[in-house]
S.K.: 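Let me begin by handing over the structure; questions about it come next.
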2 protein chains.
Amino acid sequence: MPSSRATLIEVAKLAGTSKTSVSRYFGSERERLTAKLQSQIEQAANTLGYQPNLMARGLKGGGSRLLGMLVADIRNPFSVAAVHGVEQAARAHGYSLIVCNTDNDPEQEQTQLASLAAYQVEGLIINAAGQPEPQLQALMHSGIPLVLLDREVRQLDAEVIGLDNTQAIDMALDHLVQQGYRSVLYVSEAPEHASARQERLKRFKQQVKTLGLDSQTLVLNSLDEHSALPTLREFSQRPACAPKAVLCANGNVTLAMVRSFQHLGLTMGSIGLLGIDELEWCELVSPGITTLAQPTDAIGQAAVACLLNQLPQHPGKLAVQALHSPTLIIRGSTSPSG
Amino acid sequence: MPSSRATLIEVAKLAGTSKTSVSRYFGSERERLTAKLQSQIEQAANTLGYQPNLMARGLKGGGSRLLGMLVADIRNPFSVAAVHGVEQAARAHGYSLIVCNTDNDPEQEQTQLASLAAYQVEGLIINAAGQPEPQLQALMHSGIPLVLLDREVRQLDAEVIGLDNTQAIDMALDHLVQQGYRSVLYVSEAPEHASARQERLKRFKQQVKTLGLDSQTLVLNSLDEHSALPTLREFSQRPACAPKAVLCANGNVTLAMVRSFQHLGLTMGSIGLLGIDELEWCELVSPGITTLAQPTDAIGQAAVACLLNQLPQHPGKLAVQALHSPTLIIRGSTSPSG
DNA sequence: CTGTTAGCGCGTTCAC
DNA sequence: GTGAACGCGCTAACAG
């Protein structure tokens, strides 16, 4: 009936042996012990409910077996999916994950980063909200492996794992063109602090020229009910000889635009709608929203692999794919005929 | 240019002082130091990029300042919202949160629980997937504060924080009755391992009698496309003299039932639909789905407060509300007239 | 006010 | 095969 946690020493005492043997038993040298000693230790540990103290273990140099992840917005479905992928991969390699959410607040980002470092994580997966170069540079400098997820950080020489944004835009535009749309409104959130948004926007502007499409871009400073309305109304009413479509840069934008469509009484399809990021409700909103799904599990796995490769213990032999291809999920919102 | 983390000793050496002073500087006794010494230490710490090692601190007895949270399904929007609430509350009290996901797998639950304990968390918030009584009992026994979130665990004497399920069912049925529905199909996932589901189901059966409603229940063993179809078809075609409605026990069920409605070409409203759990897409699916929203932030906050109250350092003075009221969000899916 | 000393729980030499 | 002794980074007595 231990009122607090049992320690290695107590187990040793109860088993009538010494710390070392118990340590070996719970470490990777269990084989080297007598069968009898093993069962003694096992029994003692069980009756005491002993759990090795990973903090203490990490102290010596064995490593904390902890990975840290910084997420810009934990309520964003893409982020959650990525966290899930990372967590699975981490556990598969024997690591635990401590997740910190920043709610897209650069200040919290600073704090959380500090706290993550304080917990002696062996590696950091970062989905940045701001541009915390100084802190991150200090961390990299101090030898902590770093991987950036979805968003790069200026002047920080770390690998970025995420969607192949160029390919995504190309696939989206190809599909829209194929469906007969010739005029595209691209809607994005503010791209300042998110490199993925910048890349997508840039590629859109390029590719739209290459394909000879009529185009327009809209940057949403707020995701509220009405901020997209004027532009969308104008876009929808503009005379054109071929169907027009809206391309949403991410899931948040898709949500906002569907709201706007409904507000204006627009029918999806007659004006096309295609969103980057697959969300569970996209098939439910009539006539179904065409999306580009990100392979979030693969992205998470790649991020962990990339991290582990940077660890001194590891040979750096895990395959890492930095850029991942999306999957096009075709639904009714990109059929001009309805 | 430290190739690894700087330690307290290095800072002390550089500042020309001793470990203790540096320790005091970073602890809560900074005041007791000379202004001069303070600035020396600050400077040394900065140039070295020093971060106190919280693991080592925890070792001594200062506590790890870590809370652990076990989540049954991190991809469930309710869970994410709860995690978010817990994380905010934890940070507000100076704690960090390590989140473990079990994907509703009792085996993973065992593993994750062990790992959480190994990291010396000071308290545990548990959203159980199975019934890990033995482990949890051992943990409680060893003195770790425990709080159950949304789901109780048999024979475990720990506080459960979550929705007031009785009130939720009552509110739902009241609303349906008020809208003129007289026949209700209650759809739930398997209630075996989730006490909240049991409570809701039980209350439904009680209350439906009290109100004199025609009723039926359906337990979904799978959330796939077709498992609800036969029952729903039969329910929709059954002759009745007053409107019929479907009550969904949680967000997953709501999603499945909307799919089923669409599959069968049923119009929401003419057959009513009300879901427990608010989801971002509920307003988008025409004519909008009426829901009961859970106050997830409040629940998370209460869970943390309850945990902190059990800590020996704390006087146990934080107000804790165990049962939380939902909010009814009325939309078109509960208007019989359309 | 400040420095010295002794552990916290554990892994790791090294001898036996 | 096994056990004693030391140190990890830090805090907490206890002097000075």
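Owing to the predicted nature of the structure, the values given are computational and were not obtained by experimental measurement. Lettering follows sequence order; numbering is per chain, from 1.
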S.K.: Measure CE/M55(A) against P/dG11(C) and give the value in whole Å, please.
M.R.: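 Computing the M55(A):CE to dG11(C):P distance gives 13 Å.
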S.K.: Okay, side chain of Q40(A), backbone of G16(A): is any donor-acceptor separation there less than 3.5 Å?
M.R.: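 No.
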S.K.: Please give, in whole Å, the distance from dG9(C) P to K13(A) NZ?
M.R.: 11 Å
S.K.: Can you check the F26(A) CZ to dG11(C) P distance for me, whole Å?
M.R.: 10 Å
S.K.: Has Q313(A) got more than 12 heavy atoms of other residues, nucleotides or ligands less than 6.0 Å from its CD?
M.R.: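 More than 12 heavy atoms, drawn from other residues, nucleotides or ligands, come within 6.0 Å of this atom.
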S.K.: Please confirm whether the shortest side-chain N or O distance from R57(A) to OP1 or OP2 of dC10(C) is below 4.0 Å.
M.R.: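 So the side chain of R57(A) is outside the cut-off, no N or O lying under 4.0 Å from OP1 or OP2 of dC10(C).
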S.K.: Base, sugar-phosphate, or nothing: which does Y50(A) touch, judged by heavy atoms less than 4.0 Å apart?
M.R.: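 Touches sugar-phosphate only.
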S.K.: Pick the nucleotide of DNA chain C nearest each of L37(B) and K60(A); which residue has the one closer to the 5' end?
M.R.: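 It is L37(B) whose nearest nucleotide is closer to the 5' end.
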S.K.: Side chain of Q112(B), backbone of N101(B): donor and acceptor closer than 3.5 Å?
M.R.: yes
S.K.: I need the residues from residues 17-25 of chain B with at least one non-hydrogen atom less than 4.0 Å from DNA chain D; give them sorted by number, or say none.
M.R.: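 Result for residues 17-25 of chain B: K19(B), T20(B), S23(B), R24(B), sorted by number.
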S.K.: Output yes when at least one side-chain N/O atom of R32(A) is less than 4.0 Å from OP1 or OP2 of dG1(D), else no.
M.R.: no
S.K.: Please report, rounded to the nearest Å, how far the P atom of dC1(C) is from the CZ atom of R30(B).
M.R.: 16 Å
S.K.: Does CD in E107(A) sit with more than 12 non-hydrogen atoms of other residues, nucleotides or ligands closer than 6.0 Å?
M.R.: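 Atom CD in E107(A) is not crowded, with 12 or fewer foreign heavy atoms closer than 6.0 Å.
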S.K.: Using only atom types and a distance under 3.5 Å, with no angle test, would you say the side chain of D103(B) pairs donor to acceptor with the backbone of D105(B)?
M.R.: no
S.K.: Could you give the CD-to-C1' distance, from Q51(A) to dC10(C), as a whole number of Å?
M.R.: 15 Å
S.K.: Checking the side chain of Q51(A) only, and the main-chain atoms of A114(B) only, is there a donor and an acceptor separated by less than 3.5 Å?
M.R.: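 Confirmed, Q51(A) side chain pairs with A114(B) backbone.
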S.K.: Does CD in Q43(B) sit with more than 12 non-hydrogen atoms of other residues, nucleotides or ligands closer than 6.0 Å?
M.R.: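 It does not: Q43(B) CD has 12 such atoms or fewer within range.
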S.K.: For I9(A) and dG3(D), give me the distance from atom CD1 to atom P, rounded to whole Å.
M.R.: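 These atoms are roughly 14 Å apart.
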S.K.: Mind calculating the distance between CG (L54(A)) and C1' (dC8(D)) to the nearest angstrom?
M.R.: 15 Å
S.K.: Just how far, in rounded Å, is P of dC10(D) from CG of N53(A)?
M.R.: 16 Å
